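What follows is a set of notes on a single structure, which appears directly below.
Residue numbers run from 1 in the order of the sequence given. Computed from a prediction, not measured in an experiment: that's the story for all the values here.
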Amino acid sequence: MRSLLAQCKAESLRTVRNRRFLFGAVLLPIVFYFIFTGVYGDEMQVGGMEWKAYYLMSMTIFGVIGGGLNTISIRFAQERTQGWTRLLRITPLPDGVYIFSKIAAQSILNLGTILLMFLIGALVKGIHLPWTEWLFCGLWIWLGAVPFLALGTLIGTIKSLELVQVVAQILFMGMSVLGGLWIPVEAMPKLMQRLALWSPSYRFGQGAWSLLSGTAPSLAGTLILAAYAAAFMVLSSYIIKRQEAI
């Protein structure tokens, strides 16, 4: 337990000092939030919800996904190419602690991103929600990020660091668009709407938007997210073991 806590602390400090994380997971969502709420106006309605509240959830999820995909994948690939993972094998630190510490550290930072975005929405944009909605939306976003943390680990198994950066960025932007995080899915062409139903980013956002409207996340959406999380975890674990064996 002591080694796990120490590793989590080290990973958290390293990530906070990373400019890529601060830009993609913190600054970019804030900038987009103010731009899009400024363009369309705070009082616009989306599905009976205020646009400024609806888009707050979208950009919070956007930041959490960005932190998971970009930070974990690139850090994991960098440390493997630099020989750091081989060095760890001769230390008492178990392999599982090394991987889990990255996911745990990113989860802690995700919590900070959620709190920051919610504070901006409440204090700057004047969003008024019952405390239960703030709490449930925050918990959903925090826990719903697990599939994307697992996907970040999976992307990090790619041998080329340059390819990891490209794949992570393409998936980040592609899932953000397809998931309706930039513009509502209802405004997309019919084909994209059908594809979005199977996208983890859309199901992630759908849960937060449902909670914002006072209803529970759909069972289908929750199961799809859980299936993605399990698939990414199993596949990344298998690839890591194969690479270690080689």
Side-chain angles (χ1 to χ4, degrees), residues 4 6-32 59-89 93 95-114 116 141-142 144-179 181 200-201 204 228-229 231-244 246:
L4 174 60
Q7 190 68 18
C8 286
K9 180 180 178 180
E11 291 292 343
S12 299
L13 291 175
R14 292 176 65 192
T15 304
V16 168
R17 294 166 182 163
N18 190 323
R19 293 179 182 178
R20 186 187 298 273
F21 166 76
L22 294 176
F23 178 76
V26 181
L27 181 60
L28 202 59
I30 293 174
V31 171
F32 280 170
M59 286 298 98
T60 303
I61 290 173
F62 176 73
V64 167
I65 292 177
L69 290 186
N70 291 314
T71 306
I72 289 185
S73 62
I74 294 173
R75 180 63 56 74
F76 194 78
Q78 282 177 334
E79 292 177 355
R80 193 185 63 254
T81 56
Q82 293 169 356
W84 180 249
T85 54
R86 289 194 299 271
L87 179 62
L88 286 176
R89 293 194 193 108
L93 186 71
D95 292 339
V97 170
Y98 168 69
I99 297 173
F100 182 78
S101 65
K102 289 188 177 298
I103 295 177
Q106 188 60 48
S107 296
I108 294 171
L109 296 175
N110 283 347
L111 185 59
T113 299
I114 294 168
L116 176 61
I141 296 173
W142 189 51
V146 170
F148 304 94
L149 297 176
L151 179 57
T153 303
L154 177 60
I155 297 170
T157 62
I158 299 174
K159 293 184 178 181
S160 170
L161 177 58
E162 291 75 15
L163 185 57
V164 167
Q165 294 174 331
V166 172
V167 171
Q169 198 61 30
I170 289 175
L171 286 177
F172 174 39
M173 293 302 176
M175 287 196 295
S176 297
V177 173
L178 186 61
L181 302 181
S201 52
F204 192 11
Y228 272 112
F232 293 149
M233 287 178 181
V234 170
L235 189 55
S236 60
S237 298
Y238 173 76
I239 293 175
I240 290 170
K241 289 180 180 179
R242 284 291 302 272
Q243 290 175 341
E244 289 176 350
I246 295 173

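When the side chain to side chain contact (heavy atoms under 4.5 Å, CB included) test is applied to Val146, the partners found at least two apart in sequence or on another chain are Ala229, Met233. Scored by the side-chain hydrogen bond (donor to acceptor under 3.5 Å, both in side chains) test, Ser201 finds Ser199 as partners (sequence neighbours excluded).
Ile72 contributes atom CD1, which lies 12.0 Å from atom CG of Leu154 (distance to the nearest 0.5 angstrom). In this structure, CZ on Phe232 lies 8.0 Å from CD1 on Ile155, to the nearest 0.5 angstrom. Expressed to the nearest 0.5 Å, how far CG of Leu171 lies from CG of Leu178 amounts to 11.5 Å. The structure places CG of Leu163 at 8.5 Å from CD1 of Ile170, a figure rounded to the nearest 0.5 Å. Atom OG1 of Thr153 sits about 10.0 Å away from atom CG of Leu69, to the nearest 0.5 Å.
For the pair Met175/Phe204, no side-chain contact is recorded, criterion being any heavy-atom separation below 4.5 Å from C-beta on. Residues Glu162 and Val166 have side chains not in contact (no heavy-atom distance under 4.5 Å, counting atoms from C-beta outward). When side chains are defined from C-beta on, Asn70 counts as touching Gln169, because their heavy atoms get closer than 4.5 Å. With contacts defined as side-chain heavy-atom distances shorter than 4.5 Å, the pair Leu109/Thr71 does not qualify.
Of the candidates Ile114, Ile141, Thr113, Ile61 forms a side-chain contact (heavy atoms from CB on, under 4.5 Å) with just one, namely Ile141.
One N or O on the side chain of Trp142 and one on the backbone of Ser107 form a donor-acceptor pair closer than 3.5 Å.
Ring pair Phe62/Phe32 is tilted by interplanar angle, where 30° to 60° counts as tilted.
Gly68 and Leu149 make their closest contact through CA-CD2, 3.8 Å (heavy atoms, listed as atom of the first residue, atom of the second, distance).
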